[in-house]
Amino acid sequence: MTELRIRPHRRRITLLLVFALVIALVVAASGLWFKLQGNISTASMRSSESAAPDSSHGLNLLLLGSDTRDLEASGFGKGSGARGDSMVLVHVAAGNRRIDAVQIPRDTLVDMPACDDTGHGSFSGGVAMINSALNYGPACSVAAVEALTGVRLNHFIEINFEGFISIVDALGGVDVCLPQPMKDPKAKLDLPAGDQKVNGTDALALARTRHAVGDGGDIARLGHQQMVMSAIVQQATSRETLARPDRLYSFLDAATSSLTVDPGLSSLSDLTALAARAQAVPSDDITFMTMPWSPAPQNRNRVVPSADAESLFASLREDSPVALAGTKSGKKSDADAASEINDRAAAVHITNAARVANLAGDYAKKASEQGYTVSGVGNAASVQGATTLLAADTDQAQQTAMALAKDLNLDLKPVTAAIDGVQLHLGQDYQSVEKPEKSPVKTTNRKASQSLCG
């Protein structure tokens, strides 16, 4: 009898404790949410705020590493104002299929547009190094990068030196692999060769050093910045971080305390949504690359974008994969493969309206080789001057038409019509709508998942 009385009592105590624990966790989580939300700083993205560009066909984000040098623990040199010590243009592809992160050398000379005063002073415009734009606020950096690349930005995130150090330290350090010892007193760097875990101060020094690598210029250090970025991605997404609430919170607290973002990213829910998009991309499909460059004609110690850079930026604008020289192009990610199946679902009919022998058949062969279902080819009853691409008013047909134009390298946009599937009518101007074939881009690059010793 006694045992029977004790068990219900114990059950009630257990339920009360569980209930109390749940309440405590909810309250704590709510408190953490408001704490983290209160950490975030914002700044204008443009002089006149307008609706952000649609991100359903790819999201573009500018990451700014600021060398304001307002470190509590001094030692990284003296300076005033703010310069973009690191600038990375990040493109998250539609469907979260891949992330392309392009480092823009800070010594890049650009014809910067005029910048209105957004709280940091105004700039009248003119030729300058792109890192100087941050002196006039993030909005000026956004304008400079958009002018350089032609890529319309959705958001920006700025992080300062101190924030970088605290983020790496909150992760418990990051693993790096150095082929040889690196020493640079100016960057407070002194690391041995080989595999090692470095703290925030050493990680920053490794990312910033110029005198310990190459010719001591800005370009030489970009490879080490790629390795450090890869190391942070690997550590932040590791079980070692995600399975430890204390470390995860420390990381989130450090990250939110260190960021200045545009108003469109000013809430935790906005940042969470962005993080979810990034987290959905396998690390195999996250690529860091350096903007292709050549020495500036007016100053050999500065750089300007090369012809390969325009090809790279065009791929970002078109939400197309960047063809990199020296990489295997045959292997596609599962997400890309699944997306391609969906993009090729509608049947395609191709018509020769140019009176050029075998024209429809040639295009049908190209489309079939790309995985499209060609339902038929034929000759038009009359000559047509303009090439047109028609698509039924369905998501499937519209996606197939857009993918077909991209894969056949045609400068065409689908026109909605009362038809079934997709129809490509090749007119007499068919050659003028063919875009030049893109050559593989030659530049330093690495995958986020790549071995740090690779």
Notebook entry, point to check: Mind checking whether I40 and L271 have side chains closer than 4.5 Å, heavy atoms only?
Noted result: yes
Note to self: To the nearest 0.5 Å, what is the distance between CG on L268 and OG1 on T256?
What the structure shows: 7.0 Å
Next item on the list: Answer yes or no: is there a side-chain heavy-atom contact under 4.5 Å between I350 and Y372?
Entry: no
Next item on the list: Give the C-alpha distance, both sets of side-chain angles, the deciding distance and a yes or no for side-chain contact (heavy atoms from CB on, under 4.5 Å) between V145 and I130.
Entry: CA-CA 8 Å; V145 170; I130 196 166; 4.1 Å; yes
Next item on the list: Grab the two heavy atoms, one from V322 and one from S315, that are nearest each other, plus how far apart they are.
Entry: CG2-CB, 3.9 Å
Next item on the list: Show your working on side-chain contact (heavy atoms from CB on, under 4.5 Å) between V151 and L89 and close with a plain yes or no.
Entry: CA-CA 9 Å; V151 174; L89 171 59; 4.2 Å; yes
Margin query: Donor-acceptor pair, distance only, cut-off 3.5 Å: does the side chain of Q196 make one with the backbone of G194?
Written below: yes
Next item on the list: Check whether any side-chain N or O of S257 sits under 3.5 Å from a backbone N or O of A254 as a donor-acceptor pair, and report yes or no.
Entry: no
Note to self: Using a 3.5 Å distance criterion without hydrogens, assess whether the side chain of N154 forms a donor-acceptor pair with backbone atoms of L59.
What the structure shows: no
Margin query: Using modelled atom types and a 3.5 Å cut-off, is there a donor and acceptor pairing between side-chain atoms of S311 and backbone atoms of D308?
Written below: no
Checklist line | Which residues share a salt bridge (Lys or Arg N to Asp or Glu O under 4.0 Å) with K197, sequence neighbours left out | finding: D175
Check: Tell me, do V228 and F288 make a side-chain contact under 4.5 Å, heavy atoms counted?
Finding: no
Item checked: Given T290, T444, T443, the one that forms side chain to side chain donor-acceptor pair (under 3.5 Å) with Q103 -> T290
Notebook entry, point to check: Mind checking what makes salt bridge (Lys or Arg N to Asp or Glu O under 4.0 Å) contact with E434, not counting sequence neighbours?
Noted result: none
Next item on the list: List the steps, then state whether side-chain contact (heavy atoms from CB on, under 4.5 Å) holds for L274 with L61.
Entry: CA-CA 10 Å; L274 176 62; L61 171 76; 4.2 Å; yes
Next item on the list: Could you list the residues that satisfy ring pair (Phe, Tyr, Trp, His ring centres under 6.0 Å) with F123, not counting sequence neighbours?
Entry: Y136
Note to self: Out of the candidates T388, V433, L404, only one should pair with L412 under the side chain to side chain contact (heavy atoms under 4.5 Å, CB included) rule; please name it.
What the structure shows: V433
Notebook entry, point to check: Quick one: does V168's side chain get under 4.5 Å of N199's, heavy atoms only?
Noted result: no
Next item on the list: Answer yes or no: is there a donor N or O on one side and an acceptor on the other, between the side chain of D117 and the main chain of H120, under 3.5 Å?
Entry: yes
Notebook entry, point to check: How close do P263 and A43 get, heavy atom to heavy atom, and via which atoms?
Noted result: CD-O, 3.3 Å
Notebook entry, point to check: Are any of the side-chain heavy atoms of P414 and V422 separated by less than 4.5 Å?
Noted result: no
Margin query: Would you compute the distance between atom CD of Q428 and atom OG1 of T387 and round it to the nearest 0.5 angstrom?
Written below: 9.5 Å
Margin query: Please tell me whether S132 and N135 have a donor and an acceptor in their side chains that are separated by less than 3.5 angstrom.
Written below: no
Next item on the list: Please examine the side chains of V441 and M289, heavy atoms only from C-beta on, and report whether any two atoms are closer than 4.5 Å.
Entry: no
Notebook entry, point to check: Would you call L178 and P192 a side-chain contact if the rule is heavy atoms closer than 4.5 Å?
Noted result: no
Check: Can you tell me how far CD1 of I104 sits from CG of L148, rounded to the nearest 0.5 angstrom?
Finding: 5.5 Å
Check: Should M291 and P105 count as side-chain neighbours, where that means a heavy-atom distance under 4.5 Å?
Finding: yes
Next item on the list: Please report the closest heavy-atom contact between P138 and E158, naming both atoms and the distance.
Entry: CG-OE1, 3.5 Å
Notebook entry, point to check: Are the side chain of K188 and the backbone N or O of L204 linked by a donor-acceptor pair below 3.5 Å?
Noted result: no
Notebook entry, point to check: Does the Y430 side chain pair with the main chain of N352, one donor and one acceptor, at a distance under 3.5 Å?
Noted result: no
Note to self: Determine whether a donor-acceptor pair (N or O, by modelled atom type, separation under 3.5 Å) exists between the side chain of T260 and the backbone of T42.
What the structure shows: no
Next item on the list: Rounded to the nearest 0.5 Å, what's the gap from CG on L265 to NE2 on H155? Could you check?
Entry: 4.5 Å
Next item on the list: Calculate, to the nearest 0.5 Å, the distance between atoms OG1 and CG belonging to T416 and D393 respectively.
Entry: 5.5 Å
Next item on the list: Specify the closest pair of heavy atoms between L36 and D253, including all atoms of both residues, with the distance to one decimal.
Entry: CD2-CA, 3.6 Å
Note to self: Looking at K442, I want to see if its NZ is surrounded by more than 12 non-hydrogen atoms of other residues, nucleotides or ligands under 6.0 Å.
What the structure shows: no
Notebook entry, point to check: Does the pair D284/R98 count as a salt bridge with the N-to-O cut at 4.0 Å?
Noted result: no
Margin query: Given 3.5 Å as the limit, does a donor-acceptor pair link the side chain of K406 with the main chain of D319, or not?
Written below: yes
Margin query: Quick check: closest heavy atoms across T108 and P305, and the distance to 0.1 Å?
Written below: CG2-CD, 4.3 Å
Margin query: Under the criterion side-chain contact (heavy atoms from CB on, under 4.5 Å), I'd like the reasoning laid out for Q370 against R344: C-alpha separation, chi angles, the key distance, then a yes or no.
Written below: CA-CA 9 Å; Q370 294 277 5; R344 290 158 173 72; 4.1 Å; yes
Next item on the list: Check for a donor-acceptor pair, side chain of D169 on one end and backbone N or O of G200 on the other, with a separation under 3.5 Å.
Entry: yes
Next item on the list: Give the minimum heavy-atom separation between L408 and A367, together with the two atoms involved.
Entry: CD2-N, 4.1 Å
Next item on the list: Decide whether D107 and N301 meet the rule of one side-chain donor and one side-chain acceptor closer than 3.5 Å.
Entry: no
Next item on the list: Rounded to the nearest 0.5 Å, what's the gap from CD1 on I99 to CZ on R277? Could you check?
Entry: 9.0 Å
Notebook entry, point to check: Which of these passes side chain to side chain donor-acceptor pair (under 3.5 Å) with H91: D100, N60, T287?
Noted result: N60
